[in-house]
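Treat the numbers as computed from the prediction; the structure is a model and nothing was measured. Proteins come first, then strands; the chains are lettered A, B, ... in the order of their sequence lines, and each starts at number 1.
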Number of protein chains: 2
Amino acid sequence: MKPATIRDVAERAQVSVASVSRVLTGAGAVTEPTRLKVLEAVEALAYVPHSGARSLSTSRTDTVGVILPDLFGEFFSELIRGMDVAARANGLHLIVSSSHDDASEAAAAIRSMRGRVDGLIVLSPHLDSAHLAQSLVGRLPVLLMNGGANDAGRPSMVVDNVGGAVAAVEHLLAQGRERIVHIGGPSGNLEARERQAGYVQAMTAAGREPTIVAGAFTQASGHDATKALLAEGVRPDAIFAANDMMAVGALLAFQDAGVRCPEDVAVVGFDDVPIAALVRPALTTLRVEIAETGRRAMDRLAALIAAFNDPEAAPDAACETIRPQLVVRQSCGRAHPFNGETQ
Amino acid sequence: MKPATIRDVAERAQVSVASVSRVLTGAGAVTEPTRLKVLEAVEALAYVPHSGARSLSTSRTDTVGVILPDLFGEFFSELIRGMDVAARANGLHLIVSSSHDDASEAAAAIRSMRGRVDGLIVLSPHLDSAHLAQSLVGRLPVLLMNGGANDAGRPSMVVDNVGGAVAAVEHLLAQGRERIVHIGGPSGNLEARERQAGYVQAMTAAGREPTIVAGAFTQASGHDATKALLAEGVRPDAIFAANDMMAVGALLAFQDAGVRCPEDVAVVGFDDVPIAALVRPALTTLRVEIAETGRRAMDRLAALIAAFNDPEAAPDAACETIRPQLVVRQSCGRAHPFNGETQ
DNA sequence: CTGTTAGCGCCTTCAG
DNA sequence: CTGAAGGCGCTAACAG
């Protein structure tokens, strides 16, 4: 009834548990006859090693955890997809833990990972990562993706949000747009703050007055913000949204209101989620290569884990910066409607 | 240096490990003074219980696995999002295992879950689930979502693909469309087969000749299939694609070719992924309520796990059927362009 | 090459 | 109420 253990196998094969372990793990030499006897018993008993028990004695779980604030929207989906690919390539299982709105919740999630994973990727844009990181530095390999500037000195990856935002605004200005409004992300979000800062910086540098309305990274919030804008009589000739989903919301709000894009208003997003290329007009945005970033992050974590068990490994404490690339599409009025990106 | 164990805590608190365990798990009465001593030690040593070790002795991991073929596209993202919500609500961790193209790979993934999870949700539309299910029935609580008809008798959830497809075709026919072409999914995919069967059935019933072109559930394949169709001089007045992403690909291919939708051709998809409401023209499709389905599946798995450890629990072996609902949008030429779905 | 034995870190009877 | 001891299933020395 109960699943067979290594002992059952040993008994049936008339060998010791050590031998069974040897043929199953591949470590240690075993004579052919015993190997066959073991395999026969394994087959007969439909034996499958208990990875939990194995973990306890090897102190390796071959599992990594990903802590993230949310699972909503294409950004996180893409990121996880990239991580999943790399995890598989590195022989690692992936356990995702999301919906951590506040710091204490995230901390609890991280704590509950102990004994469950060999390493962690932490995305926690809502709080300062230093605090969190402190609590587990040295204890566990961790790769930070907090969008905060305070990740320097620890293994981390950040997006150059300021640079991306500046590029967006400069592009709009270069096209002759004058009244550029920014739809910001959630106030507590570090990435959102940086994108907003970049916007303000570029506007100020150009001698323009920044105008900011609040959003929440959701399509609905972009839609609402735009509607509110129009209701107030504000008539921007360009929108720079802090992410693509809000930009899409803005796009649709303009359509609802009969404002033409790109003729009357240009719209720029951030991230380049898959949908950005599919809406019409296709969205100009800052490409982050999300899945690739996830893949890269997981590869680095795998390396961190390997180094963790190897005393003479070179410590990787690099803070890698992802530089978003401006992708110009129809929503800015320049690109050809169908520029081969339909796939 | 190394993380503290329960023994370290016991030592520092001058109590036995049993007492530490008692205050930490909440089970078993402890006198207030010892409780405080323990908590003090826990705090001082920054002790965190090792969940792997705990699992070994309790034989509960509080973790569930999700086996799925892929992580690509919004369908699986949404599904996992729903599962994640329910997992959290049930106090369960989620480990995802994807990219299992063939049966042996999926089987290996399932096997490697032993000792790692308390239960499994298996999505394996590429192979007959019975075989897989057999190998673990009784051993582990499993919820099947294989889209196969052979899940009856085991806890499972299936989408009424035939019914959905029939509804799609009938709707198109009712609108006066005559030359309805079906873009099919991957040949090995059970859901794709059923949707195709439904299409054929409805067409035949209406006395029309079915026309089927092959796709692969990706946007690119829908695009290519449509392009090929046009190149051959075929001029359908409606497309029923086996999923939304292929429908979107078709939509864009028609735009490229200057064929107007919905005037010249109607397009219907399947699934109602978020993007379906965002493309223009917005896509008519069959709504599956993906996230909700995932949530429901996880809730059922949680119940299965609970029942698994309770001898006198009523066995749940129901095969729940999800009936997709036709959502009419612009791509069929009926719905108002902006019908309030912009959010 | 093989078997014996001691843990991995924790929970959980069972006496006291 | 508390502590001692056994065991969860497996791996990894260490002898033989």
Side-chain angles (χ1 to χ4, degrees), chain A residues 1-38 41-42 45-63 111-118 139-140 309, chain B residues 1-38 41-42 45-63 111-118 139-140 309:
Chain A
M1 198 59 220
K2 294 185 66 176
T5 76
I6 195 173
R7 216 133 33 195
D8 300 328
V9 176
E11 200 165 327
R12 189 182 214 284
Q14 299 288 0
V15 298
S16 72
V17 293
S19 293
V20 177
S21 178
R22 287 190 191 100
V23 345
L24 260 35
T25 60
V30 189
T31 205
E32 191 60 12
T34 52
R35 212 179 69 82
L36 291 177
K37 278 193 298 185
V38 168
V42 165
L45 273 52
Y47 170 71
V48 178
H50 189 290
S51 28
R54 175 175 291 180
S55 295
L56 192 55
S57 74
T58 59
S59 55
R60 287 186 313 104
T61 61
D62 292 325
T63 303
R111 229 173 302 119
S112 81
M113 288 295 186
R114 140 113 152 128
R116 215 186 276 283
V117 300
D118 295 337
R139 298 183 172 292
L140 199 70
N309 302 314
Chain B
M1 198 63 219
K2 295 184 65 173
T5 75
I6 195 173
R7 219 136 29 196
D8 300 327
V9 176
E11 199 166 327
R12 189 184 213 283
Q14 298 288 358
V15 299
S16 73
V17 294
S19 293
V20 177
S21 177
R22 287 190 189 100
V23 344
L24 260 35
T25 59
V30 188
T31 205
E32 189 62 10
T34 53
R35 211 178 69 85
L36 292 178
K37 279 194 296 184
V38 168
V42 165
L45 274 50
Y47 170 71
V48 178
H50 188 289
S51 28
R54 176 175 290 181
S55 295
L56 193 56
S57 59
T58 58
S59 57
R60 288 186 311 105
T61 61
D62 292 325
T63 302
R111 230 173 299 119
S112 80
M113 287 296 186
R114 139 114 154 128
R116 214 185 277 284
V117 300
D118 295 338
R139 299 184 170 290
L140 198 69
N309 303 313

Worksheet item: Taking only N and O in the side chain of B/T34, is any of them less than 4.0 Å away from OP1 or OP2 of D/dC1?
Response: no

Discussion item. Between A/V38 and A/R22, is there a side-chain heavy-atom distance shorter than 4.5 Å?
Written reply: no

Response to the item:
In whole angstroms, the gap separating P of D/dG9 from CD of A/E11 amounts to 14 Å

Worksheet, complete the sentence: Hits for side chain to side chain contact (heavy atoms under 4.5 Å, CB included) against A/I6, two or more places apart or cross-chain, chain-then-number order -> A/V17, A/V20, A/S21, A/Y47

Practice prompt. Sequence neighbours left out, what passes side chain to side chain contact (heavy atoms under 4.5 Å, CB included) with A/S55? Give chain and number order.
Written response: A/T61

Discussion item. For nucleotides 8-16 of chain C, give me one character per nucleotide, 5' to 3': B if any protein heavy atom sits under 4.0 Å from the base, S if the only such contacts are to the sugar-phosphate, - if neither.
Written reply: BBBSB----

Worksheet item: Between A/S51 and B/R114, is there a donor-acceptor pair closer than 3.5 Å when you use the side chain of the first and the backbone of the second?
Response: yes

Practice prompt. With side chain to side chain contact (heavy atoms under 4.5 Å, CB included) as the test, would you mind laying out the steps for A/R54 and A/T25 before giving the verdict?
Written response: CA-CA 10 Å; A/R54 175 175 291 180; A/T25 60; 4.2 Å; yes

Worksheet item: To the nearest angstrom, how far is A/K37 atom NZ from C/dG3 atom P?
Response: 7 Å

Fill in: side-chain hydrogen bond (donor to acceptor under 3.5 Å, both in side chains) partners for A/R111, two or more places apart
none

Worksheet entry | salt bridge (charged side-chain N to carboxylate O under 4.0 Å, His left out) against A/R7, all qualifying residues, sequence neighbours excluded | none

Item to complete: Round to a whole Å and report the spacing from CG of B/N309 to P of D/dC8.
Response: 17 Å

Item to complete: Rounding to 10 degrees, work out the angle separating the end axes of the helix from C/dC1-D/dG16 to C/dG16-D/dC1 (five pairs an end).
Response: 40°

Fill in: Distance, nearest 0.5 Å, that separates CZ of B/R12 from CG of B/L45
6.0 Å

